[in-house]
Amino acid sequence: MERPGFNSTAQGSRLRRLAAVSILPENSVQERTVILLFILGVVFLLGYTGRDDSHITYFVSQSLADGKGLVNFNGENVEQSSSLLFTVLLAALSWLTRVDAATLGPLLSLSLLIATFFLTNSLFRGSAFAKAGSHTLGAACLCIPVLYWSLSGMENTLYILLIFSFLKAFLVVRFTNRGLGLLAISLVTGLLHLTRPEFIFVAVAALTMHSVWSRKPESEALPLILSVVPGIATAIALRFLLGLDFFPNTVFAKQSSPDFLQQAVSGIKYLGVTFHYAPVSSLIATVSLVWAIILVHSRKLDPRMESFFKLAISLVTALVLFAVASGGDWMEEGRFLTAPLFLAFLLGLIALPVHLLDRRIILILLAGLSYDAYSVARYPFGGLPWIRPYAYVAGNFSPSPLEKFNVFHARDLSFVDRTIGYLDQPLIGTVPIVTASIQAGMIPYYLKQQLGDRFYFVDLAGLSTAHFRNCNEKLEWGNDAYNNITEIQNCIGLKFDFIYDLDNSTWTRLEALKSVGCREIFREDLIIGARALWKRPLPGRQFLVDCRKS
(Lines give C-alpha, C1' and ligand atoms only; values in the text may rest on other atoms or scores of the structure.)
Protein backbone atom coordinates (compact mmCIF):
# COMPACT_ATOMS: atom_id res chain seq x y z
CA MET A 1 0.00 0.00 0.00
CA GLU A 2 1.37 3.38 -0.99
CA ARG A 3 2.16 5.67 1.90
CA PRO A 4 0.47 9.09 2.16
CA GLY A 5 2.20 11.80 0.21
CA PHE A 6 1.71 13.85 -2.91
CA ASN A 7 0.30 12.94 -6.29
CA SER A 8 2.48 12.17 -9.28
CA THR A 9 6.25 11.93 -9.14
CA ALA A 10 6.81 15.20 -11.04
CA GLN A 11 4.25 17.09 -9.02
CA GLY A 12 5.54 15.49 -5.86
CA SER A 13 9.05 16.69 -6.64
CA ARG A 14 7.88 20.27 -7.02
CA LEU A 15 5.69 20.16 -3.96
CA ARG A 16 8.36 18.56 -1.81
CA ARG A 17 10.47 21.63 -2.43
CA LEU A 18 7.44 23.77 -1.62
CA ALA A 19 6.01 22.02 1.38
CA ALA A 20 8.32 19.39 2.84
CA VAL A 21 10.74 21.92 4.24
CA SER A 22 12.75 20.91 7.27
CA ILE A 23 13.71 23.58 9.71
CA LEU A 24 16.29 21.04 10.88
CA PRO A 25 18.89 20.52 8.10
CA GLU A 26 20.09 17.01 7.40
CA ASN A 27 23.58 17.95 8.54
CA SER A 28 24.08 15.96 11.72
CA VAL A 29 26.06 18.75 13.39
CA GLN A 30 23.23 21.20 12.84
CA GLU A 31 20.66 18.68 14.05
CA ARG A 32 22.73 18.16 17.19
CA THR A 33 22.82 21.93 17.63
CA VAL A 34 19.04 22.09 17.61
CA ILE A 35 18.87 19.22 20.11
CA LEU A 36 21.35 21.11 22.28
CA LEU A 37 19.15 24.22 22.04
CA PHE A 38 16.21 22.14 23.19
CA ILE A 39 18.15 20.85 26.19
CA LEU A 40 19.33 24.36 27.07
CA GLY A 41 15.76 25.63 26.73
CA VAL A 42 14.55 22.96 29.14
CA VAL A 43 17.30 23.80 31.62
CA PHE A 44 16.62 27.54 31.34
CA LEU A 45 12.93 27.08 32.08
CA LEU A 46 13.43 24.31 34.64
CA GLY A 47 12.89 26.68 37.52
CA TYR A 48 9.63 27.91 36.02
CA THR A 49 7.95 24.53 36.03
CA GLY A 50 5.99 22.67 38.62
CA ARG A 51 2.98 24.74 39.56
CA ASP A 52 1.38 24.62 42.99
CA ASP A 53 -1.55 22.74 41.41
CA SER A 54 0.70 19.87 40.31
CA HIS A 55 0.87 18.68 43.95
CA ILE A 56 -2.89 18.09 43.86
CA THR A 57 -2.17 15.33 41.35
CA TYR A 58 1.02 14.25 43.13
CA PHE A 59 -0.90 13.52 46.32
CA VAL A 60 -3.37 11.21 44.60
CA SER A 61 -0.56 9.44 42.72
CA GLN A 62 1.41 8.97 45.93
CA SER A 63 -1.67 7.65 47.74
CA LEU A 64 -2.31 5.18 44.94
CA ALA A 65 1.36 4.08 44.92
CA ASP A 66 1.18 3.55 48.69
CA GLY A 67 -1.95 1.40 48.37
CA LYS A 68 -4.41 3.96 49.76
CA GLY A 69 -6.45 4.34 46.58
CA LEU A 70 -7.70 7.27 44.51
CA VAL A 71 -8.52 9.60 47.37
CA ASN A 72 -8.24 13.30 48.08
CA PHE A 73 -6.34 14.96 50.94
CA ASN A 74 -9.00 13.81 53.40
CA GLY A 75 -9.05 10.19 52.25
CA GLU A 76 -12.42 10.77 50.57
CA ASN A 77 -13.36 9.30 47.21
CA VAL A 78 -13.32 12.76 45.60
CA GLU A 79 -11.33 13.07 42.36
CA GLN A 80 -9.15 16.10 42.95
CA SER A 81 -6.94 15.57 39.86
CA SER A 82 -8.29 16.46 36.42
CA SER A 83 -6.27 13.70 34.70
CA LEU A 84 -6.93 10.15 35.87
CA LEU A 85 -4.56 8.54 33.34
CA PHE A 86 -1.59 10.77 34.23
CA THR A 87 -2.30 10.13 37.91
CA VAL A 88 -2.21 6.36 37.38
CA LEU A 89 0.96 6.49 35.23
CA LEU A 90 2.74 8.60 37.83
CA ALA A 91 1.56 6.27 40.61
CA ALA A 92 2.85 3.22 38.74
CA LEU A 93 6.22 4.91 38.18
CA SER A 94 6.43 5.91 41.86
CA TRP A 95 5.51 2.37 42.94
CA LEU A 96 8.15 0.81 40.68
CA THR A 97 10.97 3.20 41.56
CA ARG A 98 9.96 4.02 45.16
CA VAL A 99 10.69 7.69 44.34
CA ASP A 100 8.14 10.27 45.49
CA ALA A 101 5.65 11.61 42.97
CA ALA A 102 6.75 15.23 43.45
CA THR A 103 10.21 14.32 42.13
CA LEU A 104 9.02 12.08 39.31
CA GLY A 105 6.26 14.38 38.01
CA PRO A 106 8.38 16.84 35.97
CA LEU A 107 10.57 14.01 34.66
CA LEU A 108 7.50 12.08 33.47
CA SER A 109 6.14 15.17 31.69
CA LEU A 110 9.40 15.64 29.78
CA SER A 111 9.66 11.92 28.93
CA LEU A 112 6.19 11.97 27.37
CA LEU A 113 7.16 14.91 25.14
CA ILE A 114 10.27 13.04 23.99
CA ALA A 115 8.06 10.01 23.23
CA THR A 116 6.04 12.29 20.93
CA PHE A 117 9.18 12.89 18.83
CA PHE A 118 9.50 9.17 18.13
CA LEU A 119 5.79 8.81 17.40
CA THR A 120 5.79 11.55 14.76
CA ASN A 121 8.81 9.98 13.09
CA SER A 122 6.74 6.83 12.57
CA LEU A 123 3.68 8.89 11.70
CA PHE A 124 5.20 10.31 8.50
CA ARG A 125 7.90 7.77 7.67
CA GLY A 126 8.16 7.16 3.94
CA SER A 127 6.04 10.17 2.94
CA ALA A 128 6.91 13.58 1.58
CA PHE A 129 6.62 14.72 5.19
CA ALA A 130 9.19 12.24 6.48
CA LYS A 131 11.08 14.93 8.38
CA ALA A 132 8.06 15.73 10.53
CA GLY A 133 9.68 13.92 13.45
CA SER A 134 12.50 16.43 13.36
CA HIS A 135 9.93 19.16 12.93
CA THR A 136 8.32 18.04 16.17
CA LEU A 137 11.59 18.64 17.97
CA GLY A 138 11.83 22.03 16.28
CA ALA A 139 8.27 22.85 17.34
CA ALA A 140 9.10 21.98 20.94
CA CYS A 141 12.23 24.16 20.78
CA LEU A 142 10.37 27.11 19.32
CA CYS A 143 6.94 27.02 20.99
CA ILE A 144 7.67 28.46 24.42
CA PRO A 145 4.37 27.43 26.10
CA VAL A 146 5.03 23.81 25.10
CA LEU A 147 8.57 24.01 26.45
CA TYR A 148 7.26 25.50 29.68
CA TRP A 149 4.63 22.81 30.28
CA SER A 150 6.99 19.98 29.27
CA LEU A 151 8.36 20.12 32.82
CA SER A 152 5.16 20.97 34.64
CA GLY A 153 4.51 17.62 36.29
CA MET A 154 1.06 17.79 34.74
CA GLU A 155 -0.75 15.99 31.94
CA ASN A 156 -0.09 18.42 29.04
CA THR A 157 2.56 16.34 27.29
CA LEU A 158 0.57 13.11 27.76
CA TYR A 159 -2.35 14.87 26.07
CA ILE A 160 -0.10 15.90 23.16
CA LEU A 161 1.30 12.37 22.78
CA LEU A 162 -2.18 10.82 22.67
CA ILE A 163 -3.48 13.44 20.21
CA PHE A 164 -0.68 12.45 17.83
CA SER A 165 -1.65 8.80 18.47
CA PHE A 166 -5.23 9.76 17.53
CA LEU A 167 -3.93 11.22 14.26
CA LYS A 168 -1.89 8.10 13.54
CA ALA A 169 -4.95 5.91 14.16
CA PHE A 170 -6.83 8.08 11.68
CA LEU A 171 -4.10 7.46 9.07
CA VAL A 172 -4.50 3.73 9.64
CA VAL A 173 -8.24 4.04 8.93
CA ARG A 174 -7.69 6.01 5.76
CA PHE A 175 -4.70 4.22 4.25
CA THR A 176 -4.10 0.81 5.76
CA ASN A 177 -6.70 -1.19 7.73
CA ARG A 178 -10.11 0.35 8.30
CA GLY A 179 -11.24 -2.07 11.00
CA LEU A 180 -7.98 -1.92 12.95
CA GLY A 181 -7.88 1.86 12.60
CA LEU A 182 -11.42 2.31 13.95
CA LEU A 183 -10.52 0.11 16.89
CA ALA A 184 -7.36 2.16 17.50
CA ILE A 185 -9.33 5.42 17.36
CA SER A 186 -11.78 4.04 19.93
CA LEU A 187 -8.96 2.98 22.26
CA VAL A 188 -7.00 6.22 21.96
CA THR A 189 -10.16 8.31 22.41
CA GLY A 190 -10.87 6.48 25.67
CA LEU A 191 -7.33 7.17 26.88
CA LEU A 192 -7.65 10.81 25.85
CA HIS A 193 -10.91 11.12 27.77
CA LEU A 194 -9.15 9.73 30.86
CA THR A 195 -6.35 12.25 30.30
CA ARG A 196 -8.51 15.32 29.73
CA PRO A 197 -12.26 14.86 30.37
CA GLU A 198 -13.27 17.39 27.72
CA PHE A 199 -11.97 15.22 24.86
CA ILE A 200 -15.41 13.59 24.66
CA PHE A 201 -16.53 16.88 23.03
CA VAL A 202 -13.28 17.67 21.19
CA ALA A 203 -13.21 14.30 19.36
CA VAL A 204 -16.80 14.49 18.13
CA ALA A 205 -16.43 18.15 17.11
CA ALA A 206 -13.14 17.57 15.25
CA LEU A 207 -14.34 14.48 13.38
CA THR A 208 -17.62 16.20 12.46
CA MET A 209 -15.77 19.29 11.17
CA HIS A 210 -13.44 17.05 9.18
CA SER A 211 -16.35 15.13 7.64
CA VAL A 212 -18.26 18.28 6.67
CA TRP A 213 -15.12 19.93 5.29
CA SER A 214 -14.22 16.82 3.27
CA ARG A 215 -17.83 16.30 2.08
CA LYS A 216 -17.62 12.64 3.02
CA PRO A 217 -20.79 10.56 2.55
CA GLU A 218 -22.47 9.23 5.66
CA SER A 219 -21.22 5.75 4.86
CA GLU A 220 -17.66 6.95 5.44
CA ALA A 221 -18.08 9.75 7.99
CA LEU A 222 -20.56 8.20 10.41
CA PRO A 223 -18.52 5.07 11.30
CA LEU A 224 -15.53 7.32 11.95
CA ILE A 225 -17.52 9.57 14.30
CA LEU A 226 -19.24 6.63 16.01
CA SER A 227 -15.89 4.87 16.53
CA VAL A 228 -15.17 7.18 19.48
CA VAL A 229 -18.23 5.94 21.36
CA PRO A 230 -16.95 2.53 22.60
CA GLY A 231 -13.70 4.02 23.92
CA ILE A 232 -15.42 6.86 25.74
CA ALA A 233 -18.13 4.52 27.06
CA THR A 234 -15.45 2.16 28.40
CA ALA A 235 -13.58 5.07 30.01
CA ILE A 236 -16.78 6.31 31.67
CA ALA A 237 -17.64 2.79 32.86
CA LEU A 238 -14.15 2.46 34.34
CA ARG A 239 -14.65 5.73 36.19
CA PHE A 240 -17.89 4.50 37.72
CA LEU A 241 -16.33 1.15 38.64
CA LEU A 242 -13.68 3.10 40.53
CA GLY A 243 -16.41 5.03 42.35
CA LEU A 244 -15.71 8.29 40.52
CA ASP A 245 -18.15 10.81 39.08
CA PHE A 246 -18.79 11.40 35.37
CA PHE A 247 -16.31 14.31 35.49
CA PRO A 248 -13.55 15.04 38.03
CA ASN A 249 -14.36 17.34 40.92
CA THR A 250 -12.12 20.01 39.37
CA VAL A 251 -14.53 20.35 36.44
CA PHE A 252 -17.46 21.06 38.77
CA ALA A 253 -15.35 23.58 40.70
CA LYS A 254 -14.39 25.54 37.59
CA GLN A 255 -17.87 25.66 36.11
CA SER A 256 -19.08 28.15 38.68
CA SER A 257 -20.94 30.30 36.15
CA PRO A 258 -23.96 28.83 34.30
CA ASP A 259 -23.92 31.82 31.93
CA PHE A 260 -22.47 30.55 28.63
CA LEU A 261 -21.92 34.06 27.29
CA GLN A 262 -19.95 35.02 30.39
CA GLN A 263 -17.89 31.85 30.04
CA ALA A 264 -17.15 32.67 26.40
CA VAL A 265 -16.07 36.22 27.26
CA SER A 266 -13.71 34.77 29.89
CA GLY A 267 -12.42 32.32 27.28
CA ILE A 268 -11.66 35.10 24.81
CA LYS A 269 -9.79 36.96 27.53
CA TYR A 270 -7.88 33.74 28.18
CA LEU A 271 -6.76 33.70 24.54
CA GLY A 272 -5.68 37.32 24.90
CA VAL A 273 -3.61 36.56 28.00
CA THR A 274 -1.81 33.76 26.16
CA PHE A 275 -1.01 36.11 23.28
CA HIS A 276 0.21 38.66 25.81
CA TYR A 277 2.73 36.50 27.61
CA ALA A 278 3.93 34.53 24.53
CA PRO A 279 3.10 36.82 21.58
CA VAL A 280 5.60 35.43 19.05
CA SER A 281 4.73 31.78 19.68
CA SER A 282 1.02 32.60 19.41
CA LEU A 283 1.50 34.63 16.22
CA ILE A 284 3.59 31.93 14.53
CA ALA A 285 1.02 29.28 15.46
CA THR A 286 -1.77 31.40 13.97
CA VAL A 287 0.12 32.10 10.73
CA SER A 288 1.08 28.42 10.48
CA LEU A 289 -2.53 27.36 10.82
CA VAL A 290 -3.67 29.80 8.16
CA TRP A 291 -0.95 28.63 5.77
CA ALA A 292 -1.90 24.98 6.36
CA ILE A 293 -5.50 25.83 5.44
CA ILE A 294 -4.31 27.60 2.27
CA LEU A 295 -2.19 24.58 1.35
CA VAL A 296 -5.20 22.28 1.76
CA HIS A 297 -7.35 24.48 -0.47
CA SER A 298 -4.64 24.62 -3.14
CA ARG A 299 -5.80 21.10 -4.09
CA LYS A 300 -2.19 20.09 -4.76
CA LEU A 301 -2.00 17.55 -1.95
CA ASP A 302 -2.69 13.89 -2.26
CA PRO A 303 -6.33 13.33 -1.15
CA ARG A 304 -5.19 11.15 1.72
CA MET A 305 -2.66 13.69 3.02
CA GLU A 306 -5.22 16.41 2.48
CA SER A 307 -7.60 14.48 4.72
CA PHE A 308 -4.92 14.25 7.40
CA PHE A 309 -4.28 18.01 7.26
CA LYS A 310 -7.99 18.67 7.55
CA LEU A 311 -8.31 16.51 10.67
CA ALA A 312 -5.26 18.15 12.28
CA ILE A 313 -6.68 21.61 11.55
CA SER A 314 -10.09 20.50 12.85
CA LEU A 315 -8.48 19.28 16.08
CA VAL A 316 -6.72 22.63 16.58
CA THR A 317 -10.03 24.43 16.00
CA ALA A 318 -11.98 22.15 18.38
CA LEU A 319 -9.36 22.49 21.11
CA VAL A 320 -9.36 26.29 20.86
CA LEU A 321 -13.16 26.43 20.79
CA PHE A 322 -13.25 24.35 23.96
CA ALA A 323 -10.83 26.74 25.67
CA VAL A 324 -13.12 29.65 24.77
CA ALA A 325 -16.41 27.93 25.61
CA SER A 326 -15.13 26.70 28.98
CA GLY A 327 -13.87 30.13 30.00
CA GLY A 328 -10.23 29.08 29.86
CA ASP A 329 -8.25 27.75 32.77
CA TRP A 330 -7.45 29.19 36.19
CA MET A 331 -3.77 28.55 35.52
CA GLU A 332 -1.68 30.94 33.47
CA GLU A 333 0.64 30.26 30.51
CA GLY A 334 -2.05 28.89 28.20
CA ARG A 335 -2.36 25.41 29.70
CA PHE A 336 -5.51 24.62 27.68
CA LEU A 337 -3.84 25.90 24.51
CA THR A 338 -0.61 23.89 24.69
CA ALA A 339 -1.82 21.05 22.44
CA PRO A 340 -3.34 23.26 19.67
CA LEU A 341 -0.31 25.57 19.71
CA PHE A 342 2.01 22.60 19.32
CA LEU A 343 -0.03 21.03 16.52
CA ALA A 344 -0.31 24.36 14.68
CA PHE A 345 3.45 24.85 14.97
CA LEU A 346 4.08 21.43 13.47
CA LEU A 347 1.68 22.01 10.56
CA GLY A 348 3.44 25.26 9.78
CA LEU A 349 6.93 23.79 9.96
CA ILE A 350 5.83 21.01 7.61
CA ALA A 351 3.98 23.18 5.13
CA LEU A 352 5.73 26.55 4.89
CA PRO A 353 7.50 27.06 1.54
CA VAL A 354 11.27 27.00 1.55
CA HIS A 355 11.79 30.58 0.36
CA LEU A 356 10.07 31.80 3.53
CA LEU A 357 12.56 29.96 5.71
CA ASP A 358 15.91 31.33 4.65
CA ARG A 359 18.52 32.06 7.29
CA ARG A 360 17.48 35.66 7.81
CA ILE A 361 13.87 34.69 8.46
CA ILE A 362 14.93 31.94 10.85
CA LEU A 363 17.16 34.36 12.78
CA ILE A 364 14.27 36.84 13.05
CA LEU A 365 11.98 34.06 14.32
CA LEU A 366 14.56 32.93 16.86
CA ALA A 367 15.02 36.52 18.07
CA GLY A 368 11.27 36.88 18.49
CA LEU A 369 10.96 33.58 20.28
CA SER A 370 13.79 34.61 22.58
CA TYR A 371 11.50 37.45 23.64
CA ASP A 372 8.83 34.86 24.45
CA ALA A 373 11.31 33.02 26.66
CA TYR A 374 12.14 36.30 28.38
CA SER A 375 8.44 37.12 28.73
CA VAL A 376 7.75 33.80 30.46
CA ALA A 377 10.83 34.10 32.65
CA ARG A 378 10.26 37.65 33.81
CA TYR A 379 6.98 36.87 35.51
CA PRO A 380 7.09 35.19 38.94
CA PHE A 381 6.20 31.72 37.68
CA GLY A 382 9.30 30.00 39.04
CA GLY A 383 13.01 30.58 39.48
CA LEU A 384 16.22 30.36 37.52
CA PRO A 385 18.08 27.09 38.08
CA TRP A 386 21.39 28.80 38.77
CA ILE A 387 19.87 31.01 41.47
CA ARG A 388 18.62 29.51 44.70
CA PRO A 389 15.44 31.57 45.15
CA TYR A 390 15.27 31.03 48.88
CA ALA A 391 17.84 28.93 50.73
CA TYR A 392 16.00 27.03 53.45
CA VAL A 393 16.58 23.69 55.13
CA ALA A 394 13.31 22.26 56.47
CA GLY A 395 13.38 20.70 59.92
CA ASN A 396 9.88 19.23 60.24
CA PHE A 397 9.45 17.59 56.81
CA SER A 398 11.45 16.33 53.82
CA PRO A 399 10.56 18.15 50.61
CA SER A 400 11.33 16.95 47.10
CA PRO A 401 14.77 18.15 45.99
CA LEU A 402 13.13 19.85 42.99
CA GLU A 403 11.17 22.24 45.21
CA LYS A 404 14.16 24.54 45.69
CA PHE A 405 14.28 25.31 41.95
CA ASN A 406 10.84 26.90 41.85
CA VAL A 407 10.06 30.24 43.47
CA PHE A 408 6.50 29.22 44.33
CA HIS A 409 7.69 26.11 46.09
CA ALA A 410 10.77 27.67 47.66
CA ARG A 411 8.48 30.39 49.00
CA ASP A 412 6.44 27.75 50.80
CA LEU A 413 9.28 25.73 52.34
CA SER A 414 9.68 27.76 55.51
CA PHE A 415 5.94 28.35 55.76
CA VAL A 416 5.16 24.62 55.61
CA ASP A 417 7.93 23.94 58.14
CA ARG A 418 6.62 26.50 60.63
CA THR A 419 3.01 25.40 60.14
CA ILE A 420 3.84 21.75 60.79
CA GLY A 421 5.87 22.76 63.82
CA TYR A 422 2.88 24.63 65.23
CA LEU A 423 0.09 22.19 64.35
CA ASP A 424 2.05 19.13 65.44
CA GLN A 425 1.96 20.09 69.10
CA PRO A 426 0.22 18.15 71.90
CA LEU A 427 -1.78 21.25 72.86
CA ILE A 428 -3.55 21.20 69.51
CA GLY A 429 -5.16 17.88 70.45
CA THR A 430 -5.64 14.68 68.51
CA VAL A 431 -9.03 15.36 66.88
CA PRO A 432 -8.95 16.22 63.16
CA ILE A 433 -7.62 19.74 62.66
CA VAL A 434 -9.95 21.42 60.15
CA THR A 435 -7.71 23.64 58.02
CA ALA A 436 -8.96 25.81 55.15
CA SER A 437 -7.21 27.67 52.32
CA ILE A 438 -7.34 28.62 48.67
CA GLN A 439 -3.84 27.14 48.26
CA ALA A 440 -4.54 23.45 47.65
CA GLY A 441 -1.25 22.20 46.25
CA MET A 442 2.15 21.89 47.85
CA ILE A 443 1.19 23.01 51.38
CA PRO A 444 -1.58 20.44 52.10
CA TYR A 445 0.54 17.83 50.25
CA TYR A 446 3.20 18.05 52.95
CA LEU A 447 0.86 18.86 55.86
CA LYS A 448 -1.07 15.66 55.20
CA GLN A 449 2.11 13.63 54.93
CA GLN A 450 3.31 14.83 58.34
CA LEU A 451 0.04 15.17 60.27
CA GLY A 452 -1.78 12.15 58.87
CA ASP A 453 -5.38 11.64 60.03
CA ARG A 454 -5.14 14.66 62.33
CA PHE A 455 -5.26 16.91 59.25
CA TYR A 456 -8.60 17.65 57.52
CA PHE A 457 -8.57 20.09 54.61
CA VAL A 458 -11.24 22.38 53.15
CA ASP A 459 -10.27 23.70 49.72
CA LEU A 460 -11.80 27.17 49.47
CA ALA A 461 -11.38 27.00 45.67
CA GLY A 462 -13.34 23.74 45.56
CA LEU A 463 -10.74 21.85 43.51
CA SER A 464 -9.63 19.11 45.88
CA THR A 465 -12.72 18.86 48.11
CA ALA A 466 -16.44 18.83 47.30
CA HIS A 467 -17.70 20.92 50.20
CA PHE A 468 -19.32 23.54 47.95
CA ARG A 469 -21.32 21.22 45.69
CA ASN A 470 -24.60 21.97 47.48
CA CYS A 471 -23.95 25.58 48.45
CA ASN A 472 -25.96 28.54 47.29
CA GLU A 473 -24.71 29.64 43.86
CA LYS A 474 -24.61 33.24 45.07
CA LEU A 475 -22.22 32.35 47.87
CA GLU A 476 -18.76 33.62 46.97
CA TRP A 477 -15.78 31.42 47.71
CA GLY A 478 -12.35 31.22 46.11
CA ASN A 479 -10.56 34.57 46.18
CA ASP A 480 -13.57 36.25 47.83
CA ALA A 481 -13.93 33.64 50.58
CA TYR A 482 -12.39 35.73 53.34
CA ASN A 483 -15.08 38.40 53.08
CA ASN A 484 -17.81 35.90 54.02
CA ILE A 485 -15.99 33.16 55.89
CA THR A 486 -18.81 32.81 58.47
CA GLU A 487 -21.42 32.16 55.78
CA ILE A 488 -19.12 29.60 54.13
CA GLN A 489 -18.73 27.68 57.39
CA ASN A 490 -22.49 27.67 57.91
CA CYS A 491 -23.03 26.49 54.33
CA ILE A 492 -20.71 23.48 54.52
CA GLY A 493 -21.46 22.71 58.17
CA LEU A 494 -17.86 22.89 59.38
CA LYS A 495 -16.00 25.24 61.70
CA PHE A 496 -12.43 26.04 60.68
CA ASP A 497 -9.73 25.55 63.28
CA PHE A 498 -6.97 27.11 61.19
CA ILE A 499 -6.77 29.07 57.95
CA TYR A 500 -3.61 29.78 55.97
CA ASP A 501 -3.07 31.60 52.71
CA LEU A 502 -1.16 34.12 50.66
CA ASP A 503 -2.01 37.77 51.12
CA ASN A 504 -1.32 41.11 49.47
CA SER A 505 0.92 43.90 50.73
CA THR A 506 -1.81 45.37 52.96
CA TRP A 507 -2.74 41.99 54.50
CA THR A 508 -6.40 42.41 53.52
CA ARG A 509 -7.30 38.74 53.91
CA LEU A 510 -5.57 38.49 57.25
CA GLU A 511 -7.40 41.56 58.55
CA ALA A 512 -10.75 40.20 57.31
CA LEU A 513 -10.20 37.00 59.28
CA LYS A 514 -9.06 38.84 62.38
CA SER A 515 -12.26 40.91 62.24
CA VAL A 516 -14.35 37.75 62.75
CA GLY A 517 -12.32 36.55 65.72
CA CYS A 518 -9.46 34.56 64.20
CA ARG A 519 -6.13 34.96 65.98
CA GLU A 520 -2.92 35.54 64.06
CA ILE A 521 -0.33 32.83 64.75
CA PHE A 522 2.38 34.10 62.44
CA ARG A 523 2.90 35.86 59.17
CA GLU A 524 5.80 35.79 56.74
CA ASP A 525 6.68 38.80 54.66
CA LEU A 526 9.61 37.32 52.80
CA ILE A 527 11.63 38.61 49.89
CA ILE A 528 12.42 35.35 48.17
CA GLY A 529 15.25 36.66 46.03
CA ALA A 530 16.13 39.26 43.43
CA ARG A 531 16.51 37.79 39.96
CA ALA A 532 19.94 38.16 38.43
CA LEU A 533 18.56 39.38 35.08
CA TRP A 534 15.76 41.66 36.25
CA LYS A 535 16.52 42.51 39.89
CA ARG A 536 12.87 41.98 40.65
CA PRO A 537 12.16 40.71 44.17
CA LEU A 538 9.22 38.40 44.64
CA PRO A 539 7.43 38.83 47.97
CA GLY A 540 6.04 35.81 49.78
CA ARG A 541 3.39 37.15 52.14
CA GLN A 542 1.67 34.27 53.93
CA PHE A 543 -0.19 33.89 57.20
CA LEU A 544 -1.60 31.28 59.56
CA VAL A 545 -4.54 32.09 61.85
CA ASP A 546 -6.26 30.16 64.66
CA CYS A 547 -10.05 30.48 64.40
CA ARG A 548 -10.94 28.25 67.34
CA LYS A 549 -13.01 29.96 70.00
CA SER A 550 -11.19 30.09 73.33
Kindly give the heavy-atom pair with the smallest separation between [X] and [Y], and that separation in Å.
X      : Y      : answer
Leu315 : Val202 : CD2-CG1, 4.2 Å
Ser109 : Thr157 : O-OG1, 2.7 Å
Thr274 : Ser282 : O-OG, 3.6 Å
Phe397 : Leu413 : CE2-O, 3.7 Å
Ile163 : Ala339 : CD1-CB, 3.8 Å
Ile420 : Gln450 : CD1-CG, 3.5 Å

List for me each residue that meets side chain to side chain donor-acceptor pair (under 3.5 Å) alongside Glu155, sequence neighbours excluded, and say none if there are none.
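Once residues adjacent in sequence are excluded, the partners of Glu155 under the side chain to side chain donor-acceptor pair (under 3.5 Å) criterion are Arg196, Arg335.
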Residues forming a side chain to side chain donor-acceptor pair (under 3.5 Å) with Asn77, sequence neighbours excluded:
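Asn77 satisfies side chain to side chain donor-acceptor pair (under 3.5 Å) with no other residue.
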Give a yes or no on whether the backbone of [Y] and the side-chain of [X] come within a donor-acceptor separation of less than 3.5 Å.
X      : Y      : result
Lys514 : Cys518 : no
Asp412 : Ile443 : no
Ser61  : Thr87  : yes
Asn156 : Ser150 : no
Arg509 : Leu502 : yes
Asp497 : Cys547 : no
Ser152 : Trp149 : yes
Arg548 : Phe498 : no
Arg523 : Phe543 : no
Ser94  : Gln62  : no

Is NZ or CZ of Arg541 both nearer than 6.0 Å to the six-membered ring centre of Trp507 and within 45° of the ring axis?
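No.
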For Arg454, is there an ion pair with Asp424 - N to carboxylate O distance below 4.0 angstrom?
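Yes, charged N to carboxylate O under 4.0 Å.
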Can a donor-acceptor pair be found between the side chains of [X] and [Y] at a distance below 3.5 Å?
X      : Y      : answer
Thr103 : Ser400 : yes
Thr250 : Gln80  : no
Ser464 : Asp459 : yes
Glu79  : Asn72  : no
Thr508 : Thr506 : yes

Centres of the [X] and [Y] rings: under 6.0 Å?
X      : Y      : result
Phe199 : Phe166 : yes
Phe59  : Phe73  : yes
Phe415 : Phe522 : yes

What verdict does the side-chain hydrogen bond (donor to acceptor under 3.5 Å, both in side chains) test give for Asp501 and Tyr482, after you've listed the backbone C-alpha separation in whole Å, the side-chain angles of each residue and the deciding distance to 0.1 Å?
CA-CA 10 Å; Asp501 223 314; Tyr482 301 105; 2.3 Å; yes
With sequence neighbours excluded, residues passing side-chain contact (heavy atoms from CB on, under 4.5 Å) with Val265
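Partners of Val265 by the side-chain contact (heavy atoms from CB on, under 4.5 Å) criterion, ordered by chain and then number, come out as Lys269.
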Ring-plane angle category for Tyr456 and His467, please: parallel below 30°, perpendicular beyond 60°, tilted otherwise.
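Perpendicular: the ring planes of Tyr456 and His467 meet at over 60°.
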Measure the acute angle between the ring planes of Phe322 and Phe336, then classify it against the limits of 30° and 60° as parallel, tilted or perpendicular.
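Phe322 vs Phe336 ring planes: tilted.
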pair Leu194-Leu238: side-chain heavy atoms closer than 4.5 Å
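A side-chain contact under 4.5 Å exists here.
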